[in-house]
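In listed order, ligands and their atoms are each counted from 1. Heavy atoms only: backbone and side chains are in, while hydrogens, waters and symmetry mates are out.
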Amino acid sequence: MEANEMYDAAIIGGGLGGLTLSIKLAQQGKKVLLVEKETYPFHKVCGEYISMESWDFIESCGIPLKDLHLPIISQVRISAPNGYYLEQKLGLGGFGISRHSLDHLLFKQALKLGVNAIQNCKVTGITFENNHFEIQSSSGIFKSYYTFGAYGKKSNIDIQLKRQFTQHKKQGKQNYIGVKYHIKTAFPDNLIALHNFKDGYCGISKIDQESYCLCYLTTQQNLSKYGNQIKAMEEAVLFKNPSLKKIFKESEILYQKPLVISQIRFEPKPLIEQHIIMLGDAAGLIAPLCGNGMSMAMRAADMISKLFPKNVACIEERDEFEKVYSKTWNKNFATRLRAGRIFQQLFGSTLITWLIIAVLKPFPGVLNKIIRATHGEPF
Ligand SMILES: Cc1cc2nc3c(=O)[nH]c(=O)nc-3n(C[C@H](O)[C@H](O)[C@H](O)COP(=O)(O)OP(=O)(O)OC[C@H]3O[C@@H](n4cnc5c(N)ncnc54)[C@H](O)[C@@H]3O)c2cc1C
């Protein structure tokens, strides 16, 4: 494609939302640009448990999941900081695959379908004028009729667009960090464990390559108390949960050092900014304990691809598309995000987490109902 070519759609960010959207639009014959600042394959802080609701969708993107022999996760164990736990069968369940593997597979598939997928390229500015976008990046300027923000939970673009939530003061307790390791351990293939500790929780479940993903979320404040030393915090706080101490002590950690991200926040965000259509975490981040953020990003990609205007140059079609996407997105996700925010606040206190587990333990149907409140049907 020539440098000055006008794309039907430019997608900023090649995570699950951006990659699957690029594939779906390319399958419809659209001219698509995808820009990712990193170089594939790369690791990402994520629990790597994917709700089963997305299985068919990922396969429809051309990724033969059934041939990859991935672990199918059908059981959940939730423990309180003191080790008290419940275990039960999951309704829909999920499967495990590392982002290193899945994002790379999708990237290769996007290239195969003719997407101009550019890696190692950072978008630095986006402007909308005369019914089209100009995208400034480290690899030059691109033009498109539509631009999609699939750049994740925080990006330089949020600041460039002066998105409202970037102007808020950052308070320690609402500011989270995420930490991830890949480990080799003795752990059931079909189980996801959610072990709580003071002001945080840690998920463990199997992924591809006979490895397990161990990923936790806690407050920035928790880390600050231990001089911003991850190891010191883990030993002082996470190890109080006997299940977590056992896993850390008895597993082989496959990274030299943990993968860490900071400034994770869960407040609502506007869905459309200066005609840029957001999806995935750029539109709203669900609490990771729901194990559903990846499916939400892909479901939004599916929605956009089904609503994408026939005539990209038509202003009336743009207006209609923005209206219908907002309505459909809110119908599908607003309640889930609200429920996720409530659950996020409930976990992390020793007493409350213990109480929740004690109340839910005799009623497995209730926990599955709660899980369903943050999940959707297969698509
Ligand atoms: C601790 C933690 C655990 C989680 N565990 C799970 C889980 O087990 N299951 C689940 O379903 N969800 C989980 N999630 C949520 C899940 O990771 C996200 O919801 C999902 O990755 C969102 O996908 P996305 O495509 O919106 O963004 P991302 O996957 O984050 O992709 C965004 C991409 O945009 C790129 N980018 C950013 N800025 C620019 C720029 N200026 N130019 C070019 N590229 C740019 C980034 O490099 C990145 O690759 C977890 C989240 C956290 C924080």
Please state which part of [X] comes within less than 4.0 Å of ligand 1, counting heavy atoms only: side chain, backbone, both or neither.
X	value
Arg99	side chain
Ser51	neither
Tyr40	neither

For the 3.5 Å polar cut-off, considering only N or O atoms, please tell me whether [X] and ligand 1 meet it.
X	result
Leu285	no
Lys122	no
Ile50	no
Asp281	yes
Val123	yes
Ala297	no
Lys37	yes
Tyr216	no
Lys154	no
Met294	yes

Without swapping roles, check the side chain of [X] against the backbone of [Y] for a donor-acceptor pair under 3.5 Å.
X	Y	value
Asn368	Gly91	yes
Arg77	Leu191	no
Gln274	Phe128	no
Ser251	Ile247	yes
Gln88	Pro364	yes

With heavy-atom distances below 4.0 Å as the criterion, list the atoms of ligand 1 near [X].
X	result
Glu48	7 (C), 8 (O)
Lys44	28 (P), 29 (O), 31 (O), 48 (C), 49 (O)
Asn292	10 (C), 11 (O)

Aromatic ring pairing Tyr40/Phe107, orientation class (parallel under 30°, perpendicular over 60°, tilted between): parallel
Electrostatic pair Lys44-Glu38, nearest N-O below 4.0 angstrom: no
Salt bridge Lys323-Asp319, side-chain N to carboxylate O under 4.0 Å: no
Passing candidate, ring pair (Phe, Tyr, Trp, His ring centres under 6.0 Å) with Phe321, options Tyr145, Tyr146, Trp329: Tyr146
Pairs flagged by side-chain hydrogen bond (donor to acceptor under 3.5 Å, both in side chains) wherever residues 60-70 is involved - sequence neighbours left out: Lys24-Ser60
Interatomic spacing from OG in Ser79 to CG in Asn241 - rounded to 0.5 Å: 4.0 Å
Proximity flag Ala150 to ligand 1, non-hydrogen atoms under 4.0 Å: yes
Per atom 5 (N) of ligand 1, closest listed option by heavy atom (Gly47, Gly96, Gly280): Gly47
